[in-house]
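This report concerns only the one structure given below.
Numbers restart at 1 for each chain; the letters A, B, ... are given by sequence-line order, proteins then strands.
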Protein chains: 2
Amino acid sequence: MSTISETSRGLVAERLAEDLRDDILSGRLQPGARLGEVALAERFSVSRGPVRAALNLLSEAGIVTIVPNSGARVRELSRADARALYEVRAALEGEAAMLAASRANGETAARFAALLDQHASEVAAHPEGAYLQGAGDRDFHLVIARMAENPLLLRYLAGELYPQLSLLRVKHRNVTGRGAKALHEHKRIAEAIADGDAEVAGLLMRRHIRNSWTALEAQLSEHVGEGE
Amino acid sequence: MSTISETSRGLVAERLAEDLRDDILSGRLQPGARLGEVALAERFSVSRGPVRAALNLLSEAGIVTIVPNSGARVRELSRADARALYEVRAALEGEAAMLAASRANGETAARFAALLDQHASEVAAHPEGAYLQGAGDRDFHLVIARMAENPLLLRYLAGELYPQLSLLRVKHRNVTGRGAKALHEHKRIAEAIADGDAEVAGLLMRRHIRNSWTALEAQLSEHVGEGE
DNA sequence: GAGGATGAAATTGTCAACAATTAGCGAGAC
DNA sequence: GTCTCGCTAATTGTTGACAATTTCATCCTC
């Protein structure tokens, strides 16, 4: 059962990290699962050196916790972790929206319109709210993060916060059906960005993230007691 | 010349990272300096394994750049990097100020008053503006970051952004004498936090960081052409 | 029977040697 | 004289073995 990628370019450690990330975010490796170095090493037919490097990479992304002299495990996010995540996300995505607005040009409005039209059809096809967890929502936020033209901001969002959000949804699958509402909020944010209105774009984005957190928190409260 | 710490607790890699961080942030190792693994290994009398781990740690903190198959160097921050840094910092510290305000209690005002009184005397002792680069400014922002009670936010600020800011000041020593003005802004921010006024605290903090960036950018423009 | 101390197995941390890639240098051809 | 090709030296990437720490099970004591 060799799950190793066929791509041979790049460092071995990076391929391992890629494969492990897929396993974790797809739910094959559940939160709390032990990631023994020797087990991973013989599974991928490499030495423990690259395995350690890969685990460090995933630890940076926040989806693996390493405790010294004890080992690595798939990270389990507590509710406090989730709250902290959404607080930081609100700040960073708000900034991204502001920067995107300041960098908007003539084509921005059309590009957002095309993206959101596609998302609208996805929401129509899955009215029960698949939008929020699917590629649609992530796409929208990623486009804005890239528009900000800030490498550090993009790394934090795409490289750390988004993987952790995906990890959250491994446990609590099918986030509540906020699809239609979220899409509406997306449209307003896109308008503000296309208008070059940084102030409003940032405000709406922060509020949008806060709404998303409120919905998630309500859902977390439903199965109370399960996993601190 | 063994610069290794006397503290024997903890992992070897973490001690190395600590010592190297000191060397970098104190200016003993200047930006762009090569960090060869064998050289570091024999300097600290350890193997290359912990050295690699330590370099990865410092790479996470953003003060070392690692290019595969080529090696590690002390990071050189371009002006674009500095801009990105301050944009992210404004967002995160603004959020920290808002959260701190929401967590303020009866003792908050007194604690800030004591802190800022001490800073005022430091500014008076060094009117040319040592405050901004000294422990004073960093203290103020650290206190707020801790008040936010958000581990992720604290890690980003204290663990990554602040070391990079220190690295910026290694090259361009003695940031402009904004000490008095910065102290005044700090007072207003502290007041808003003590009042529990999250909205104003966040606004003032974002503006404060933006002012700090404007001052730094002006100074960077003076010696133009030196170091892209 | 419950709690704590002891010991063995397993796992992580560290080390030194080997393999592969890269960068620099010099020789040769155009 | 300049450009290109190839070689050498140095450095990083990887490997497998050894050392130290932790954890779990077992046994003894109270």
Using atom types as modelled and distance alone, determine if a side-chain donor or acceptor of R48(A) lies under 3.5 Å from a backbone N or O of E37(A).
no
Using a 4.0 Å cut-off on heavy atoms, which residues in residues 31-41 of chain A reach DNA chain D? List them by number, or say none.
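None - not one residue of the stretch has a heavy atom sitting under 4.0 Å from the strand.
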Checking side-chain polar atoms at under 3.5 Å, does [X] have a donor or acceptor matched by the opposite partner on [Y]?
X       : Y       : result
N105(B) : T108(B) : yes
H186(B) : D137(B) : yes
N211(B) : T214(B) : no

Please report the distance, rounded to the nearest Å, between CG in L55(A) and P in dT12(C).
9 Å
Quick one: F44(A) CZ to dT15(D) C1', roughly how many Å, whole number?
18 Å
Is R52(B) close enough to dG13(D) that one of its side-chain N or O atoms is under 4.0 Å from OP1 or OP2 there?
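Yes.
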Check whether more than 12 heavy atoms from other residues, nucleotides or ligands sit under 6.0 Å from atom CZ of R111(B), and answer yes or no.
no
Is there a side-chain contact between M98(B) and R206(B) in this structure, where contact means two heavy atoms from C-beta onward sitting under 4.5 Å apart?
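Side-chain contact under 4.5 Å: yes.
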Salt bridge or not between [X] and [Y]? Use side-chain N to carboxylate O under 4.0 Å.
X       : Y       : result
E160(A) : R155(B) : yes
R75(B)  : D81(B)  : yes
R43(A)  : D23(A)  : yes

Produce the list of close N/O pairs, under 3.5 Å, pairing protein atoms with atoms of nucleotides 15-20 of chain C; give distances to one decimal.
| residue | atom | partner | partner atom | Å |
| --- | --- | --- | --- | --- |
| dC15(C) | OP2 | S47(B) | N | 2.9 |

Strand-adjacent residues in residues 57-76 of chain A, judged by heavy atoms under 4.0 Å from DNA chain C
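Nucleic-acid contacts, sorted: P68(A), N69(A), S70(A), G71(A).
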Cation-pi, Y162(A) ring and R138(A) (6.0 angstrom, 45 degrees):
yes
